[in-house]
Protein chains: 2
Amino acid sequence: MRITYKGDYALKTILDLSTHYGDAPITIHELAARADIPTKFLEQILLDLKRGGFVESRRGKIGGYLLARPPKEITLGEVIRFIDGPVEPINCLDKHYKGCKEVTRCVFRDIWQKVEKETANIIDSITFDDLVKKNKKFGSSLVYQI
Amino acid sequence: MRITYKGDYALKTILDLSTHYGDAPITIHELAARADIPTKFLEQILLDLKRGGFVESRRGKIGGYLLARPPKEITLGEVIRFIDGPVEPINCLDKHYKGCKEVTRCVFRDIWQKVEKETANIIDSITFDDLVKKNKKFGSSLVYQI
DNA sequence: GTATACTCTACTATTATGATAGACATTATA
DNA sequence: TATAATGTCTATCATAATAGTAGAGTATAC
């Protein structure tokens with residue numbers, strides 16, 4: 001797993017929207033400013049997240065973005081996989097991967113699978129509701145900080 | 001952690017050399033052919049591994065490469081970190097990382113640290129001696145396969 | 001009808017990755 | 001001592017991913 005800026009931004013944005021779940025829509029501009037993300041870049045990320053069913057949008061004057069599902073039902077893992085792809089350390093199962101003709105018999109293979117499993121155990125068991133609570137406990141002003 | 005081709009090739013090569021630890025040097029050409037690695041690319045990787053103290057070389061007619069240390073004393077984690085860098089999923093502690101001014105208070109931070117720790121637990125506890133034994137058990141002809 | 005939002009497509013700059021090329025240095029051995 | 005077989009070193013290159021930027025278009029509250 002490698003988390004890109006895009007993934008990092010997506011997580012921070014979903015957390016912001018989770019914190020304001022049930023409230024009025026939040027504009028791209030606000031979301032971008034609060035998390036220090038280039039506005040036009042976030043625009044694209046939000047369109048992706050919309051296509052992924054994570055967020056909804058309202059157009060027009062009092063438009064903005066809303067979480068499409070309750071924070072309790074969105075896990076960290078879902079978002080990461082959607083934005084940054086599979087969580088495995090190496091994609092040697094992919095048919096485009098060179099070498100590794102007999103992947104099923106490779107000594108390294110089950111080590112990477114073990115890493116993937118441990119990673120999944122962590123990120124799939126954390127919901128954005130958990131993160132909102134964790135955040136509030138520390139009373140931070142910034143939505144993505146403790 | 002993301003393992004690149006370079007990392008993958010390095011691991012396969014160290015495993016090959018581990019399998020032949022104590023024997024005569026093995027040429028780049030042989031190593032490349034056995035693991036299906038572009039020879040000139042492996043050449044560079046071996047120079048890196050030499051600088052890292054993982055392998056030694058012999059020049060001249062019956063030259064080639066040898067493991068610099070016993071397979072029992074080389075872990076998977078050491079090689080991966082040397083070739084592909086830190087094992088963490090995101091490098092937000094790096095001073096060049098944008099955003100995340102208050103990284104110590106970020107809700108995501110300790111999740112990434114947890115992922116890193118679990119990954120390290122796996123890769124730092126496996127030596128190339130372990131892998132050689134695992135390989136032999138399955139009697140594979142290819143050095144990097146089970 | 002207009003200001004304020006989201007939408008969509010295209011483009012661009014930079015870096016990492018995965019090599020390839022070729023001249024050079026060393027050494028066993030015939 | 002010539003030479004063939006080996007490692008050494010530096011430069012270059014092609015492609016893809018990443019991280020944006022630009023600008024014209026569409027919807028909606030007021």
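The chains referred to below are lettered A, B, ... by the order of the sequence lines, with proteins before strands, and numbering in each begins at 1. Quick note: numbers below take in every heavy atom, side chains included, and nothing from hydrogens, waters or symmetry partners.
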Atom pair distance, as rounded to whole Å: [atom1] in [X] and [atom2] in [N]:
{"X": "A:Y9", "N": "D:dT21", "atom1": "OH", "atom2": "C1'", "value": "14 Å"}
{"X": "B:I90", "N": "D:dT18", "atom1": "CD1", "atom2": "P", "value": "13 Å"}
{"X": "A:I83", "N": "D:dT18", "atom1": "CD1", "atom2": "C1'", "value": "13 Å"}
{"X": "A:I3", "N": "D:dA17", "atom1": "CD1", "atom2": "P", "value": "19 Å"}
{"X": "A:L47", "N": "D:dG20", "atom1": "CG", "atom2": "P", "value": "17 Å"}
{"X": "B:L49", "N": "D:dG7", "atom1": "CG", "atom2": "C1'", "value": "14 Å"}
{"X": "A:R2", "N": "D:dT18", "atom1": "CZ", "atom2": "P", "value": "6 Å"}
{"X": "B:Y97", "N": "D:dT18", "atom1": "OH", "atom2": "P", "value": "13 Å"}

Would you jot down, in residue-number order, the residues of residues 50-63 of chain B having a non-hydrogen atom under 4.0 Å from DNA chain C?
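Output list: B:R59, B:G60, B:K61, B:I62.
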
Please walk me through it: do A:R2 and B:D84 pass salt bridge (charged side-chain N to carboxylate O under 4.0 Å, His left out)?
CA-CA 12 Å; A:R2 195 185 138 238; B:D84 282 334; over 6 Å; no

Identify the residue among B:Y65, B:F82, B:F128 that makes a ring pair (Phe, Tyr, Trp, His ring centres under 6.0 Å) with B:F54.
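Running ring pair (Phe, Tyr, Trp, His ring centres under 6.0 Å) over B:Y65, B:F82, B:F128 with B:F54 returns exactly one hit, B:F82.
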
Roughly what angle, to 10°, lies between the helix axis at the start of the helix from C:dG1-D:dC30 to C:dA30-D:dT1 and the one at its end, five pairs per end?
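End axes: 0° apart.
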
Could you check whether the side chain of A:Q44 and the base of D:dT21 have a donor-acceptor pair of N or O atoms closer than 3.5 Å, going by distance alone?
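Yes.
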
Let's test your reading of the model: under 3.5 Å, does the base of D:dG20 pair with the side chain of B:K98 as donor and acceptor?
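There is none.
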
Just by distance, no angles: are the side chains of A:D16 and A:T13 close enough, under 3.5 Å, to form a donor-acceptor pair?
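Distance-only check fails for A:D16 and A:T13.
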
Is it possible for you to say whether B:L66 and B:Y21 belong to one hydrophobic cluster, with membership spreading through side-chain heavy-atom contacts below 4.5 Å?
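No, because B:L66 and B:Y21 fall into different hydrophobic clusters, even though each may have its own neighbours under 4.5 Å.
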
Count I, L, V, M, F, W, Y as connected when their side-chain heavy atoms are under 4.5 Å apart, and connections chain through other members. Are B:I62 and B:L46 then in the same cluster?
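B:I62 and B:L46: separate clusters.
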
To check you understand the geometry: which heavy-atom pair defines the closest contact between [X] and [Y], and what is its length?
{"X": "A:I90", "Y": "A:R109", "result": "O-NH1, 4.4 Å"}
{"X": "A:D110", "Y": "B:K134", "result": "OD1-NZ, 2.9 Å"}
{"X": "B:T75", "Y": "B:D124", "result": "CG2-O, 3.6 Å"}
{"X": "B:L131", "Y": "A:V107", "result": "O-CG1, 4.0 Å"}

Under a 4.5 Å cut-off applied to non-hydrogen side-chain atoms, are B:H20 and B:L67 in contact?
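Not touching, per the 4.5 Å side-chain cut-off.
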
Give the first and the last nucleotide of DNA chain C, reading 5' to 3', that has any atom under 4.0 Å from a heavy atom of chain A.
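Contact boundaries, 5' end first: C:dT4 to C:dA19.
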
Check every strand shown and say whether A:F41 touches a base, only sugar-phosphate, or nothing at a heavy-atom separation below 4.0 Å.
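The residue A:F41 makes base contact.
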
Could you please spell out the steps behind the salt bridge (charged side-chain N to carboxylate O under 4.0 Å, His left out) verdict for B:D8 and B:K12?
CA-CA 6 Å; B:D8 186 29; B:K12 286 170 176 169; 3.2 Å; yes

Nearest-nucleotide wise, let me know which of A:K40 and A:K6 is further upstream toward the 5' end of DNA chain D.
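Closer to the 5' end of DNA chain D: A:K6.
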
May I ask you to decide if the ring planes of B:Y9 and B:F41 are parallel, tilted or perpendicular, using 30° and 60° as cut-offs?
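Rings of B:Y9 and B:F41: perpendicular, over 60°.
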
